[in-house]
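See structure below.
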Amino acid sequence: MWEEKVVIDGPYHFDLALERLAKDPLNKVDKDKRLIRVPIYKEEPEVADVHAVGTTDKPGFIIRGKSPHSKQQVMKKITSVFQWDLPLFEIHQHFTKTTLNNIFEKHFGTPIVLEFSLYPALIRPIIHQQVNMSFAISLTEQFAKTFGFEIEGVPFFPSPETVARLNVGELRNLRFSQRKAEYIINLSKMIVSGELKLSELAEKPDNEVIKELVRIRGIGPWTAQSFLLFGLGRKNLFPMADIGLQNAIKKLYLLDRKPTYEEMENYSKDWHPYLSYASFYLWRSIE
DNA sequence: AACCAGGGAAGAT
DNA sequence: ATCTTCCATGGT
């Protein structure tokens, strides 16, 4: 058992981040205690606790882990997942000059918290394709709880090896569509065989990652962009196929219909190179 | 009951 | 290359 305190530059509104994370039952969040229990995916999976002790302007955290042996690794993972190394001030500064000014002020300091591991970061958007949010969240929960495992009550996604051995029927029983079941099992098989190496994607530029992922059946532009945004923490993604983004823009600009791709392209011109944050805050604006 | 949902593949033009 | 249709299931 070890404990470490981290102080970072503000703004960083941890409570708003927890509020969003709490919508997913797989996340073990205690908003009153300002605490989240984090699954750490590594050789020997373990759980770490992240506990906020500071304010939005002076953010501080206490991290508690199990084995001193893996402390370095866990701290590095948590720092990157919670994006503690990215100053949000500069990003807010950028958006004050744009049409997203009000939205950014309303959700001031909300960080993008990444997926806890790359494999879930790819599986989750596939599950989320085309179905409403509550059903998607329910599917994902059943998937993780049925085929994954738990440590100290914290759910972990199954490994690619486990999923690769499933048959379509086992996922159909959880109300997955035939196609989605095929997508997920085949993708897992590709990871197991080494045909797809997620950790290597992390070294490549956005456009190459998209090019490589889109060749895989079941992964289109939206899913690849989502992986880059929430899996790799890339800063400049704007998934225009996303219904939520379309609705958020419709609301922001008071349109009587969903925007065309061309309109979205035009609106987003001032938001580079932080399109991921524009996307994220637009999603927040309709939640 | 009808329409929509944090898309993508397959088929048609 | 770009547009249209089908997939498939639950929520509102």
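Just so we're on the same page: letters track the sequence lines, and every chain starts at 1.
Contact annotation for A/Gln129: backbone-only contact, meaning every heavy-atom pair under 4.0 Å involves sugar-phosphate atoms and none involves a base. Contacts of A/Gln246 with the nucleic acid, taken as non-hydrogen atoms under 4.0 Å apart, are absent.
The hydrophobic cluster containing A/Val53 also includes A/Ile62, under a criterion of side-chain heavy atoms closer than 4.5 Å among ILVMFWY residues, counted directly or through chains of members. The hydrophobic cluster containing A/Phe89, built from Ile/Leu/Val/Met/Phe/Trp/Tyr side-chain heavy atoms closer than 4.5 Å, comprises no other residue.
Taken residue by residue, residues 218-234 of chain A places heavy atoms nearer than 4.0 Å to DNA chain B at A/Gly218, A/Ile219, A/Gly220, A/Pro221, A/Trp222, A/Thr223, A/Phe230. Scanning residues 101-124 of chain A for heavy-atom distances under 4.0 Å to DNA chain B yields an empty list.
Rounded to a whole Å, the CG atom of A/Leu187 is 13 Å from the P atom of B/dG8. Here C/dC7 presents its P atom at 16 Å from NZ of A/Lys180, a figure rounded to the nearest Å. Rounded to whole Å, atom P of C/dC7 lies 20 Å from atom CG of A/Leu171. Computed from coordinates, the A/Gln130 CD to B/dC4 C1' distance equals 8 Å when rounded to whole Å. Protein atom CZ of A/Phe176 is 15 Å distant from nucleotide atom C1' of B/dG7, rounded to whole Å. The distance between atom CD1 of A/Ile243 and atom C1' of B/dC3, rounded to the nearest whole Å, is 12 Å. A/Leu174 has its CG atom 17 Å from the P atom of C/dA8, to the nearest Å. As a whole-Å value, the separation of A/Arg257 CZ from B/dC4 C1' is 19 Å.
A/Phe61 is linked by a ring-ring contact (aromatic ring centres under 6.0 Å, His included) to A/Tyr12, A/Phe14, A/Trp84, counting only residues two or more places apart in sequence or in another chain. Under the ring-ring contact (aromatic ring centres under 6.0 Å, His included) criterion, A/Tyr41 pairs with A/Phe156, not counting sequence neighbours. Applying the ring-ring contact (aromatic ring centres under 6.0 Å, His included) criterion to A/Phe227, with sequence neighbours excluded, gives no partner residue. Checked against ring-ring contact (aromatic ring centres under 6.0 Å, His included), A/Phe238 has the following partners two or more places apart in sequence or in another chain: A/Trp271. Applying the side chain to side chain donor-acceptor pair (under 3.5 Å) criterion to A/Glu90, with sequence neighbours excluded, gives A/Tyr274.
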Please tabulate, one pair per line, each protein N/O and nucleotide N/O from nucleotides 10-12 of chain C that are separated by under 3.5 Å, including the distance.
residue: C/dG10; atom: N2; partner: A/Asn132; partner atom: ND2; Å: 3.3
residue: C/dG10; atom: N3; partner: A/Asn132; partner atom: ND2; Å: 3.4
residue: C/dG11; atom: O4'; partner: A/Asn132; partner atom: ND2; Å: 3.0

Between the protein and nucleotides 1-6 of chain C, which nitrogen or oxygen pairs are less than 3.5 angstrom apart?
none

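Shown are A/Thr110, A/Leu100, A/Ile112; of these, the side chain to side chain contact (heavy atoms under 4.5 Å, CB included) with A/Tyr277 is made only by A/Ile112.
Between A/Arg217 and A/Glu287, it is A/Glu287 whose nearest contact on DNA chain B lies nearer the 5' terminus. Between A/Ile216 and A/Val131, it is A/Val131 whose nearest contact on DNA chain B lies nearer the 5' terminus.
Residue A/Gln178 has its side chain nearest to C/dA8 when only B/dA5, B/dA9, C/dA8 are considered.
Of the P atoms belonging to C/dA8 and B/dA1, the separation is 23 Å, rounded to the nearest Å. B/dA9 and C/dG10 have their P atoms separated by 23 Å, given to the nearest Å.
Between A/Ile191 and A/Val163 there is no side-chain heavy-atom pair separated by less than 4.5 Å.
Of all heavy-atom pairs spanning A/Leu255 and A/Pro259, the tightest one is CD1-CB, 3.9 Å.
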Quiz item: Do A/Arg34 and A/Asp15 pass the salt bridge (charged side-chain N to carboxylate O under 4.0 Å, His left out) test, and can you show the C-alpha distance, the side-chain angles, and the key distance before you say yes or no?
Solution: CA-CA 7 Å; A/Arg34 310 182 71 201; A/Asp15 301 293; 3.0 Å; yes

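Between A/Phe157 and A/Tyr119, the ring centre distance reaches or exceeds 6.0 Å.
Residues A/Glu152 and A/Lys66 are paired through a salt bridge, judged by an N-O separation under 4.0 Å between the basic side chain and the carboxylate.
For residues 71-82 of chain A, every residue pair satisfying the side chain to side chain donor-acceptor pair (under 3.5 Å) rule, not counting sequence neighbours, is listed here: A/Glu4-A/Lys71.
Both A/Tyr261 and A/Tyr253 are members of a single hydrophobic cluster when ILVMFWY side chains are connected at heavy-atom separations under 4.5 Å.
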